[in-house]
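Protein chains get the first letters and strands the later ones, always in sequence-line order, with residue 1 at the start of each. As the structure is a prediction and not an experimental result, all values here were calculated from the model.
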Amino acid sequence: MKLIIDNLHLERGGKFLFKDLSFCLESYKPIIVMGSNGSGKTSLLRCISGLLHSTSGEIYSINEKGEKIEYLHQCNYSGHKLAIKNELTVQENIIFWSRYYKKEINKDLLIKFKLDSLSDISVGLLSFGQMKKLSLIRIFLAEKSIWLLDEPMVGLDRESQEVVKKLIEKHIDLGKLIIITTHTDLKFDNQILLSL
Amino acid sequence: MGTYLAIIKRDLVISYKDGDHIAMGFGFFLVIISLLPIGIGSDIDILPKVGPVLLWIAFLLTTLFTISRLFKDDHVDGTMDFMIMDSAIFEIIIICKVFAYWISITLPLIIVIPIMSILLNISMDLILPITFIIFISSPAFVFIAAVGSALTLGMERSGILITILILPLYIPLIIVGISATNINVIGINSYSVSVMLISGFSMLSIALAPFLISLILRTNSY
């Protein structure tokens, strides 16, 4: 499967965030998007995820036979909003996603993220880093084919960053697609750097 | 099915943990109902005549007052984003969310309507018909209000705007509903016709509102 971004324009508030943006997202070739604040990194991911409508241009997916296929249901997006419920406990949030995606949670991941001992704690009491890890668990749990990660390392300690990096590498090794926006020095094999 | 049950269960757990919303709705309903008899004073004959109308208006205002948060929390915390991306099931997700709201806010109001009817000195013969007709009209009430909630998403203090936008849509429902339980016009025919009309209105709302809400939320997802 390939994801084609074809001649994408995005105008917000009378200003073009990007013009004539074209690239192809392929298996084993992660795309790292870099750029200054306000350059349109998040907006690009939101356009691809269908949450934001581009001014013009097209985003589509093709299968091995070259036929256009629907891709949105195969996408998972992690943005600045963490998509976790402060009123619920860590465990209740995870159980909800587990039921929502009909997938079993990998308990090793909770241990690696040091969230296993916090399962009965209300999310509102967690630190930002812990919330971010909890939010990322949703992405890893859903096991979708296209990951759109908006600054996934923000707020994470080094140990957790390593865990996230390994999970991203595993995703890439499975031939699945990924775009990551970042300000940190993230490196993956065969990565394509996109500057906005 | 597991996905939908998960959404309903999650919304119910959040509603009961964050109980102020339920308490506010319930309190608002009780305040409206209990203030009128004080306002009318000692003329006890007026109360049974205006009581059914008051129940309808209190029910309507409570729905409009409490519905503004239906999609707001999911929109603010980003949950709405991944739900919108599951495009094939988003309309069903909306139905699940409205159903969870109905269970947590609307159903308790319907349960106390018989008690409120006694407080309003409504005839015993009318209590069950009034409760039943409000019960079958409640899906229409909630789904129409949910459209208003989606339209005003992202606005602070959207409750009043929802009321202004949505209130005209309730007029046919209120006219039919009140005429069905009006002591002067009640009879087998008028009541059964009203039940059929309101059932149709409710079913139409359940069928159309999720698509309209889905369209509004997708357009406004920015």
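Annotation: side chain of A:Arg46 is in contact with side chain of B:Asp81 (closest heavy-atom distance under 4.5 Å).
Around the CG atom of B:Asp20, the shell of radius 6.0 Å holds more than 12 heavy atoms that belong to other residues, nucleotides or ligands. Annotation: A:Phe140, atom CZ; neighbour count of heavy atoms from other residues, nucleotides and ligands within 6.0 Å is above 12. Sparse packing is recorded around NZ of A:Lys29, with 12 or fewer heavy atoms of other residues, nucleotides or ligands lying under 6.0 Å away.
Neither the backbone nor the side chain of B:Leu5 comes within less than 4.5 Å of any heavy atom of chain A. Interface remark: A:Leu88 contributes backbone and side-chain atoms alike to the contact with chain B (heavy atom separation under 4.5 Å). The contact between A:Ile84 and chain B is made entirely by backbone atoms, counting heavy-atom distances below 4.5 Å.
The distance from atom OG1 of B:Thr79 to atom CZ of A:Arg138, rounded to the nearest 0.5 Å, is 8.0 Å. Between the CZ atom in B:Arg218 and the CG atom in A:Leu51 there is a gap of 10.0 Å [rounded to 0.5 Å].
Closest of all the heavy-atom pairs between B:Asp77 and A:Lys81 is O-CB, 3.6 Å.
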Could you go through A:Arg99 and B:Ile7, starting from their C-alpha distance and side-chain angles, then the distance that decides it, and tell me whether this counts as side-chain contact (heavy atoms from CB on, under 4.5 Å)? CA-CA 9 Å; A:Arg99 286 177 180 157; B:Ile7 292 165; over 6 Å; no
Between B:Ile14 and A:Glu87, is the side-chain contact (heavy atoms from CB on, under 4.5 Å) condition met? List the steps. CA-CA 6 Å; B:Ile14 291 172; A:Glu87 299 88 345; 3.9 Å; yes
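Ion pairing of B:Lys17 with A:Glu92 is present here, as a side-chain N (NZ or NE/NH1/NH2) and a carboxylate O approach within less than 4.0 Å. Residues B:Asp74 and A:Lys85 are paired through a salt bridge, judged by an N-O separation under 4.0 Å between the basic side chain and the carboxylate.
Taking the six-membered ring where tryptophan is involved, the planes of B:Phe82 and A:Tyr100 are perpendicular, since the angle between them exceeds 60° and thus also 30°.
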